[in-house]
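Worksheet: the structure to be examined is printed underneath.
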Amino acid sequence: YERTCRYLARKSNSVVVSVGYRLAPKHPYPTQFEDCLTATVHFMRTAQDYGVDPSRIIICGDSSGGTLTAAVAQALVNRRDLPKLRAQILIYPFLQCVDFNLPSYQQNKGVPILLKERTVALGLKYLNKDLSVIEAVLKGCHVPEDMQLKYQKWVSPDYIPHEFKTRGYKPCTTHPFSKEVYTVIKPMFDPVFSPLLAEDSVITRLPETFILTCEFDVLRDDGLLYKKRLDDHGIKVTWCHLQEGFHGTV
């Protein structure tokens, strides 16, 4: 990412700080989030040492970096001891673990580089969990009924605009809940892992947001659903959709 960061710094005439957060599985989750949060807080406190206006700090990330960006932005909403973030930039972020059968997951399940099954496998490896539950998670057996009801108002194909459903989408049949699977993957429902599942009281205080989605990406609908939630709470969102884009296109 060094060339990308240098390019961004040059083109936007900005100071760009790239966080070399420690990686799983050697450093277990949520080390990555904690590293990003620590680096962000430190920079916010010392911004002027770098010639940066503390009121103009933007955080940004792509893919799992988009997840971390969203989680850090959420963690900072109640901080009184720091300046407010100017904005967050989420580039094809992973944001939820509730439904792996949204239209984008169905349509792009075999599109490189982020295949549908690979997405779940990477999530489980990140949490250091057994991969034997992949099939059950893909079917949705990991979500208890009460949580299904709660999350339905945020994660549902009903909130995906019709034009994104024309390319081979079929509503899914429900499968019975498995307590064993839920016990294994429970940490996935933490908003640090799935920022789309944060409470309204957090969402409503988020900074201005830029979201980039790609048509040929299993994570497209995560971005669309987060955009809707932010819009619903009056957060200013700039949305860019790449009609020919795929995961990793940056």
Side-chain angles (χ1 to χ4, degrees), residues 1 5 8-9 12-24 27-98 126-127 150-151 153-155 186-212 222-223 225-239:
Y1 278 78
C5 291
L8 283 173
S12 62
N13 191 26
S14 306
V15 171
V16 173
V17 179
S18 180
V19 183
Y21 59 85
R22 291 168 291 174
L23 302 178
H27 300 281
Y29 163 89
T31 306
Q32 299 67 28
F33 162 72
E34 287 161 358
D35 284 355
C36 289
L37 182 60
T38 302
T40 305
V41 168
H42 174 73
F43 185 74
M44 291 175 104
R45 285 189 174 135
T46 58
Q48 281 159 329
D49 299 352
Y50 300 91
V52 170
D53 176 350
S55 69
R56 297 183 68 185
I57 295 170
I58 298 170
I59 56 173
C60 168
D62 76 318
S63 194
S64 55
T67 318
L68 292 164
T69 299
V72 168
Q74 291 180 3
L76 293 172
V77 296
N78 292 320
R79 294 288 293 258
R80 298 268 160 82
D81 57 325
L82 295 167
K84 287 252 177 287
L85 278 175
R86 173 65 187 85
Q88 60 173 342
I89 295 175
L90 311 177
I91 299 170
Y92 39 75
F94 171 93
L95 297 170
Q96 62 83 33
C97 68
V98 174
Y126 181 34
L127 294 172
K150 178 182 178 178
Y151 295 142
K153 57 186 192 287
W154 304 330
V155 183
K186 200 174 170 187
M188 278 190 169
F189 294 104
D190 188 312
V192 167
F193 189 95
S194 295
L196 185 53
L197 307 184
E199 295 299 330
D200 287 346
S201 57
V202 172
I203 299 290
T204 196
R205 303 187 65 184
L206 286 170
E208 186 177 342
T209 302
F210 176 94
I211 297 174
L212 180 117
D222 283 25
L225 291 171
Y226 205 47
K227 174 190 180 294
K228 182 188 185 305
R229 268 200 88 187
L230 294 171
D231 281 340
D232 288 350
H233 287 279
I235 307 298
K236 190 177 174 195
V237 181
T238 304
W239 171 52

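With Q96 contributing its side chain and V98 its backbone, the two residues share a donor-acceptor pair below 3.5 Å. Panel note: side chain S194, backbone M188; a donor-acceptor pair is recorded below 3.5 Å. With hydrogens and angles ignored, the 3.5 Å screen pairs no side-chain donor or acceptor of T238 with any backbone N or O of F210. Checking side-chain atoms of T31 against main-chain N and O of P28 turns up a donor-acceptor pair under 3.5 Å.
Going from atom CG of L8 over to atom OG of S18 covers 10.0 Å, rounded to the nearest 0.5 Å. With rounding to the nearest 0.5 Å, the separation of CG in L85 from CZ in R56 is 14.0 Å. Once rounded to the nearest 0.5 Å, the distance linking CD1 of I89 with CD of E208 reads 10.0 Å. To the nearest 0.5 Å, atom CG of residue D49 and atom NE2 of residue H42 are 7.5 Å apart. In this structure, CD1 on I59 lies 9.0 Å from SG on C36, to the nearest 0.5 angstrom. In this structure, CG in D62 is found 10.5 Å from CG in L90, a value given to the nearest 0.5 Å.
Using a 4.5 Å cut-off on side-chain heavy atoms (C-beta onward), D35 and H27 make no contact. At least one side-chain heavy atom of Q74 sits under 4.5 Å from a side-chain heavy atom of I203. Proximity of D200 to R229: side-chain heavy atoms (C-beta onward) are separated by under 4.5 Å at one or more points. The shortest distance between side-chain heavy atoms of F43 and V52 falls below 4.5 Å. In this structure the side chain of R86 never reaches within 4.5 angstrom of the side chain of D53, judged on heavy atoms. Proximity of L76 to L37: side-chain heavy atoms (C-beta onward) are separated by under 4.5 Å at one or more points. Inter-residue side-chain proximity for L206 and Y226 is flagged as met; some heavy-atom pair is nearer than 4.5 Å. Side-chain contact between D222 and P93 is absent, with no heavy-atom pair separated by less than 4.5 Å.
Residue K186 qualifies as open at atom NZ: its count of foreign heavy atoms under 6.0 Å is 12 or below.
Across every non-hydrogen atom of V77 and K84, the tightest pair is O-NZ, 4.0 Å. Minimum interatomic distance between L197 and P191 (heavy atoms only, all atoms of both residues): O-CG, 4.1 Å. The minimum heavy-atom distance linking A71 with V192 is given by the pair CB-O, 3.8 Å. Nearest heavy-atom pair, Y29 versus Q32, reported as atom, atom and distance to 0.1 Å: CA-OE1, 3.4 Å. Nearest heavy-atom pair across A75 and F33 is CB-CZ, 3.8 Å. Between F193 and C97, the shortest heavy-atom distance links the atoms CE2-CB, 4.4 Å.
Salt-bridge annotation for R22 and E34: absent, with no side-chain N of the basic residue lying under 4.0 Å from a carboxylate O of the acidic one.
The closest side-chain donor-acceptor pair between Q88 and T209 falls under 3.5 angstrom.
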